[in-house]
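What follows is a short report on a single structure.
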Protein chains: 2
Amino acid sequence: MTAFKVLPVPADAPEPLPEPAVGDLRLEAVLGVLNDPLRLGIVRKFLLEREEFDHSCGWLGLDRPKSSLTHHFKVLREAGVIRQRQYGLERRSHVRIDDLEARFPGLLRLVADWTPPEPA
Amino acid sequence: MTAFKVLPVPADAPEPLPEPAVGDLRLEAVLGVLNDPLRLGIVRKFLLEREEFDHSCGWLGLDRPKSSLTHHFKVLREAGVIRQRQYGLERRSHVRIDDLEARFPGLLRLVADWTPPEPA
DNA sequence: CACGCTGTACGATTGGAGTCGTACAAGGTT
DNA sequence: AACCTTGTACGACTCCAATCGTACAGCGTG
């Protein structure tokens, strides 16, 4: 039913970092977090190009300082859009596809179909 | 096909106020405008309780100063969420259901199903 | 024409979010 | 242990958006 690839979570995976429960997801919070082209691009790339279990912050290859990326990933996690786990050095993330699809069906489709604005 | 009631526009209706064309609607702009509980409530009420052709600003019965409401309606219009026409004294608005459904299918369903946060 | 009504325009204030530098913590590697 | 790598924490700065008061414009009615 879900149009996006959901990868299995290893049994020995670390606990996710603090995040809102599915029932606590708020539409206005999710939308308020997806109004930024940078974050929209992050979520979109996670949806379209996911191959392994999940990806570290640097996998995106964004040309921004690390402290900026930390900020955006934290914002996405606290709104309930992504889940983060600590794997040794790296903090890997993935989109909470099932949760978002359950609460806001169709929303991720819009994000995946989003076209970034002209860089010019 | 559209799940929302679309009322016909009278032939003698005034021209709409300046607004983005359908093709120019931007997801990040629309989401960025719907991240506010007040505006989310406005659009939701327009979707659920629409009976006449369209409604004036005061129809909502919101307990806010007029200058605040003017601001929010303008923001919604400039993002392409609502269309506004000047009818003599009143400026009446309606949600651009067809346009939004064409560009971002399913988005209005999420807004209509939205539950306002606890006022407590 | 004078008044009332709807809504705009403008400006001031406020709070919050994005951006990023620097310093630091924690795990891995050799 | 020394070092590298990944990412956090904190703080400062800037900028934008929300809020709203006041003054005004436009239309309709008596």
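Here the structure is a predicted model, which means the values were calculated and not measured.
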Practice problem: Quickly work out the A:Glu90 CD to C:dT29 C1' distance and round it to whole Å. | Solution: 15 Å
Self-check item: Side-chain N or O of B:Thr70 closer than 4.0 Å to phosphate OP1/OP2 of C:dT8
Solution: yes
Quiz item: Taking NZ from B:Lys74 and P from C:dT8, how many angstroms apart are they, rounded to a whole number?
Solution: 9 Å
Quiz item: In whole angstroms, how far is the C1' atom of D:dT29 from the CG atom of B:Leu89?
Solution: 10 Å
Practice problem: For A:Leu17 and D:dT8, give me the distance from atom CG to atom C1', rounded to whole Å. | Solution: 11 Å
Quiz prompt | Separation of D:dT6 C1' from A:Phe73 CZ (nearest whole Å) | solution = 12 Å
Exercise. Work out which heavy atom in B:Arg26 is nearest to a heavy atom in A:Pro116; give both atom names and the distance.
Key: NH1-C, 4.0 Å
Quiz item: Can you list the steps and then say if B:Arg44 with B:Leu48 is a side-chain contact (heavy atoms from CB on, under 4.5 Å)?
Solution: CA-CA 6 Å; B:Arg44 176 169 170 265; B:Leu48 298 180; 3.8 Å; yes
Quiz item: Has B:Arg91 got a side-chain N or O lying under 4.0 Å from the OP1 or OP2 atom of C:dT8?
Solution: yes
Quiz item: How many Å lie between CG on B:Leu76 and P on D:dA17, as a whole number?
Solution: 14 Å
Exercise. Round to the nearest Å and state the distance from A:Arg92 atom CZ to C:dA26 atom P.
Key: 20 Å
Quiz item: How does protein contact run along nucleotides 15-23 of chain C, one letter per nucleotide 5' to 3', with B for base contact, S for sugar-phosphate only, - for none, heavy atoms under 4.0 Å?
Solution: ---SBBB--
Quiz item: Among the clusters formed by ILVMFWY side chains lying less than 4.5 Å apart, do B:Leu47 and B:Val6 turn up in the same one?
Solution: yes
Quiz item: Taking side chain as C-beta onward, heavy atoms only, is B:Arg39 less than 4.5 Å from B:Val81?
Solution: no
Quiz item: Among the clusters formed by ILVMFWY side chains lying less than 4.5 Å apart, do B:Leu25 and B:Leu17 turn up in the same one?
Solution: no
Quiz item: Do NZ/NE/NH1/NH2 and the carboxylate oxygens of A:Asp99 and A:Arg103 come within less than 4.0 Å?
Solution: no
Exercise. Starting at atom CD of A:Gln86, determine the distance to atom P of C:dG28, rounded to an integer number of angstrom.
Key: 10 Å
